[in-house]
Amino acid sequence: MPAGASSRIEVLPPEVAARIAAGEVIERPASVVKELIENALDAGATAIQVELREGGFAWIRVADNGTGIPRDQLPLALARFATSKIRSVEDLTRVRTLGFRGEALPSIAAVARVEILTRTAEEIEGTRLLAEEGRITMQPAASPVGTVVTVRDLFYNTPARRRFLKSPLREAERVREAVYRYALGYPEVAFRLLVDGREVLIAPPGTARDRAALIWGREAAEELIPVFWEAADLRITGLISRPTLGRSSRAFQCFYVNGRPVRSGLLAVALERPYAGRLPPGRYPLAILHIELPPAFVDVNVHPQKAEVRFSQERSVYWGVSRAVETALSGFPPPEVPPGFWPGGMPELPARPLAEPLEGYRPASRWRALGQLFQSYILAQSEEGLIVVDQHAAHEQVLFERLWSGSPPVALPTPAVLSFSAREAERLEAELDGIRSLGFDIEPFGGNAFVVRAVPAPLSGQPVEGLLSAILEELQAARRDAGDLRERLAMRLACTAAVKAGDGLSPEEMQALLDALQEAWSPSTCPHGRPAWFLLDREEIERRFLRR
Ligand code: ADP
Ligand code: MG
C-alpha cells in the first residue's frame with residue numbers, strides 16, 4: 001500500500017515509540033533484504049531488484065520504482081522511530097503498511113555503511129545520502145524516480161554477530177527464500193534477484209500461478225487449486241495443492257496476513273487439518289494463502305521481525321482457513337479415515353464472525369505460572385483467562401526453534417569420547433556437516449570413535465550419549481525423501497531434551513518455560529503440529545457457570 005507522497009516522515013512521539021515491540025530487527029543479511037523489500041512495497045513499487053554479494057555481508061542493494069523519499073525528509077528516514085506510516089497509538093490498530101516502526105533504516109545504518117539514492121516524481125534532481133559510523137552526508141545526484149538502498153560491510157562493527165552467522169552460501173540461501181516469499185505473495189510486482197552477479201530469479205508481473213510456476217516449478221504449479229472463501233470480516237484466497245501432491249517439509253507453505261508474510265503454527269495446522277487422511281504422514285500440502293481481515297483484528301506488533309502476528313479471534317481465523325481449504329478440496333475424494341489429527345478430539349469451532357476488535361493496542365500480556373497439574377501441564381494466568389500448557393510440547397517447540405535457527409556451541413567441561421559400531425560411525429561421518437551446523441563440535445577420533453567438545457547451547461547439561469543416540473536414531477530412520485535432515489535432527493533432539501510429562505517443575509522453571517514459549521515464533525503447536533496450549537477464556541468460564 002503506497003504511503004502516499006503527502007505523508008511526511010516524522011519521529012513518533014515517545015508514548016507511541018514505547019508501545020512498539022522493539023527488538024533486534026537486523027540479525028542477518030536476510031533481515032536487511034526483508035526490511036528493504038517491505039519499504040519498497042510500502043512505497044508502491046511495481047518492480048523490485050535485489051542484488052547481493054558474498055552472502056550479503058559485502059554488499060546488498062535493493063532498488064525500487066516506488067514513490068522515492070523527498071530530499072528534505074531523507075535524513076529523518078534514518079532517525080529511530082521516524083516513519084511516515086503511523087502517527088499515534090491508535091494507528092497501530094489500523095496498520096495497512098508492512099512497516100510502521102521507523103526502525104529498519106536506522107538499525108541497518110547502525111551495523112553497516114548505508115547509501116540511499118532516491119528521487120520523487122516532484123523533484124527534478126535526486127539525492128544521494130551516505131550514512132557511515134553515525135555521520136550522514138547528502139548531495140544532489142541524478143536518479144530515476146524511486147529508491148536504491150545499498151548496504152555495505154554488514155556487521156563490520158559487530159564481529160561477534162558476524163561469527164554466529166552461517167557461511168555466505170547459507171545466508172544467500174536465506175535471502176533467496178525471503179525474496180521468494182515476497183515474490184509469491186506479490187505476483188503483480190516484478191522481482192529480480194542477482195546473487196554474485198548471477199541472475200537467480202527474474203519474475204515479470206503475473207498471476208499467483210505464474211509465480212508458483214517460476215519458483216516451485218511448472219509441475220507443482222499445475223497441481224495447485226484455487227481457494228476463495230469469504231465470511232463476515234474474513235477473506236481467504238490463494239492456491240493450495242491437490243491432496244495428491246505433498247512435500248516433505250512446510251517450506252512450501254506461505255501465509256500472508258493482510259499482505260504480510262507470517263509464520264504461524266496455527267495457520268499451518270488449519271491448512272493441514274482438511275488434508276488429514278488424504279496425504280501420507282510426513283507430507284505437507286503446498287499453499288500460498290492470503291488471509292485478509294480488518295487490521296484491528298490483527299496485532300502486527302508482537303514480533304521484533306514482524307514475522308508473527310496475533311489474531312484477536314484466533315479460533316475464527318483457524319476455522320475460516322480450515323473451511324476455506326475444505327471447500328477447495330471438496331471436489332476430491334473424501335478421506336477414508338476420519339481426520340484424527342487432534343489427540344483428544346478437535347474442538348468444535350463455532351461459525352461466528354469475528355467479535356470485538358482489539359480496543360487500542362495491548363502488547364501480549366505475560367503469562368504467569370500458577371502451578372502444575374498431573375506433573376504434566378502448566379496452569380498459567382493471562383489477561384485473557386486460564387492457559388493450560390502441555391509442558392513437553394511447549395518445551396519441545398522452544399528447543400526446536402532455538403536449535404533450528406542456529407545456536408552457539410557451548411563447550412563441555414571435558415570433551416567426551418564415544419565409540420560406535422562401524423555402521424553408526426559411517427552414518428555419523430556422512431552427516432557431520434549437518435550435525436555441526438546445529439552447534440555441535442564433533443570430530444572423528446580414530447577407529448569408530450568420535451570426540452564431542454561442545455553441544456548447542458539449548459542442549460547444554462544434557463548427557464552427550466543420549467544426544468548422540470537421538471541423532472543416530474534419526475539418521476537411521478531417515479528416508480532419502482524425508483526432507484530437510486537438519487530440521488528433523490532439530491526435532492528429534494528437541495524431543496529428547498524437552499521436559500517430559502511426569503517431570504516435576506519448580507515455579508521458576510515453569511515461569512521460564514512460559515516466557516520462552518511466548519517468545520517463540522510459532523507458540524501454538526509443537527514441531528509435530530500438536531497444540532502446545534489452550535486458553536479457557538472468560539466467556540468460556542462464564543458459560544460453564546451458566547452466567548451467560
Ligand atoms: P518504517 O518502514 O517502519 O516506516 P523505515 O526505517 O523502514 O521505517 O523507513 C523510514 C521511512 O523512510 C519510511 O516510513 C518511509 O517514509 C521512508 N522510506 C524508506 N524506504 C523507502 C523506499 N524504498 N521508498 C520510499 N520511502 C521509503
Ligand atoms: Mg520499513
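All ligand and atom numbering here is 1-based and tracks the order in the structure.
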Are any of the side-chain heavy atoms of Pro187 and Thr207 separated by less than 4.5 Å?
no
Using a strict 4.0 Å cut-off to heavy atoms of Ala82, name the atoms of ligand 1 that fall inside it.
10 (C)
Relative to ligand 1, is Thr147 under 4.0 angstrom through side chain, backbone, both or neither, heavy atoms considered?
side chain
When you measure from the heavy atoms of Pro106 to every atom of ligand 1, does any distance fall below 4.0 Å?
yes
Taking only heavy atoms of Thr83 into account, list the atoms of ligand 1 that are under 4.0 Å away from them.
1 (P), 4 (O), 14 (O)
Closer than 3.5 angstrom, by distance alone: can the side chain of Arg71 be matched with the main-chain N or O of Gly126 as a donor-acceptor pair?
yes
Quick one: sort the Tyr256 and His290 rings into parallel, tilted or perpendicular, breaks at 30° and 60°.
parallel
Under 4.0 Å, heavy-atom basis, I'd like to know which part of Val149 is in contact with ligand 1: side chain, backbone, both or neither.
neither
Where ligand 1 meets Arg101 - atom numbers and elements under 4.0 angstrom, heavy-atom basis
3 (O)
Any N or O on Phe100 sitting closer than 3.5 Å to an N or O of ligand 1?
yes
What part of Glu103, side chain, backbone, both or neither, has a heavy atom within less than 4.0 angstrom of ligand 1?
backbone
Short list, please: which atoms of ligand 1 are under 4.0 Å from a heavy atom of Gly99?
2 (O), 3 (O)
Are any side-chain N or O atoms of Asp537 and backbone N or O atoms of Gly385, one a donor and one an acceptor, separated by less than 3.5 Å?
no
Considering both backbone and side-chain atoms of Leu105, is one of its nitrogen or oxygen atoms within less than 3.5 Å of a nitrogen or oxygen in ligand 1?
yes
Just which atoms of ligand 1 are under 4.0 Å from any heavy atom in Thr67?
25 (C)
Using 0.5 Å steps for rounding, measure from the CH2 atom of Trp367 to the CG atom of Leu535.
8.5 Å
Would you check if the side chain of Arg119 reaches a backbone N or O of Ala142 as a donor-acceptor pair within less than 3.5 Å?
no
Tell me whether ligand 1 is touched by Gly66 - counting only heavy atoms on the residue side and a distance under 4.0 Å.
no
Within ligand 1, which atoms have a heavy atom of Lys85 less than 4.0 Å away?
1 (P), 2 (O), 4 (O), 13 (C), 14 (O)
Which bit of Ser84 is near ligand 1, meaning a heavy atom under 4.0 Å away: side chain, backbone, both or neither?
both
N/O/S from Asn39 sitting under 2.8 Å away from the Mg ion (ligand 2):
yes
Hey, is Glu35 one of the residues with a heavy atom under 4.0 angstrom from ligand 1?
no
Per the salt bridge (Lys or Arg N to Asp or Glu O under 4.0 Å) rule, which among Glu35, Glu171, Glu177 passes with Arg28?
Glu171
Counting heavy atoms only, which part of Asp64 comes closer than 4.0 Å to ligand 1: side chain, backbone, both or neither?
side chain
Going by atom types only, do Asp515 and Gln511 share a side-chain donor-acceptor pair under 3.5 Å?
yes
Check ligand 1 against Gly68 and write out every atom of the ligand that is under 4.0 Å from a heavy-atom position of the residue.
25 (C)
Report yes or no: does Asp196 contribute a side-chain atom to a donor-acceptor pair with the main-chain N or O of Glu54 at less than 3.5 Å?
yes
Donor-acceptor contact below 3.5 Å, side chain Tyr182 vs main chain Glu38:
no
Once you restrict to heavy atoms under 4.0 Å, what part of Ile9 touches ligand 1? Side chain, backbone, both or neither.
side chain
Under the 3.5 angstrom rule, does the side chain of Asn65 hit a backbone N or O of Gly146 as a donor-acceptor pair?
no
Determine whether a donor-acceptor pair (N or O, by modelled atom type, separation under 3.5 Å) exists between the side chain of Arg486 and the backbone of Ser437.
yes
Of the side chain and backbone of Ala45, name the one, both, or neither that has a heavy atom under 4.0 Å from an atom of ligand 1.
neither
Show me which atoms of ligand 1 lie under 4.0 Å from any heavy atom of Ala43.
24 (N), 25 (C)
Are the side chains of Glu103 and Arg80 in contact, using a 4.5 Å heavy-atom criterion?
yes
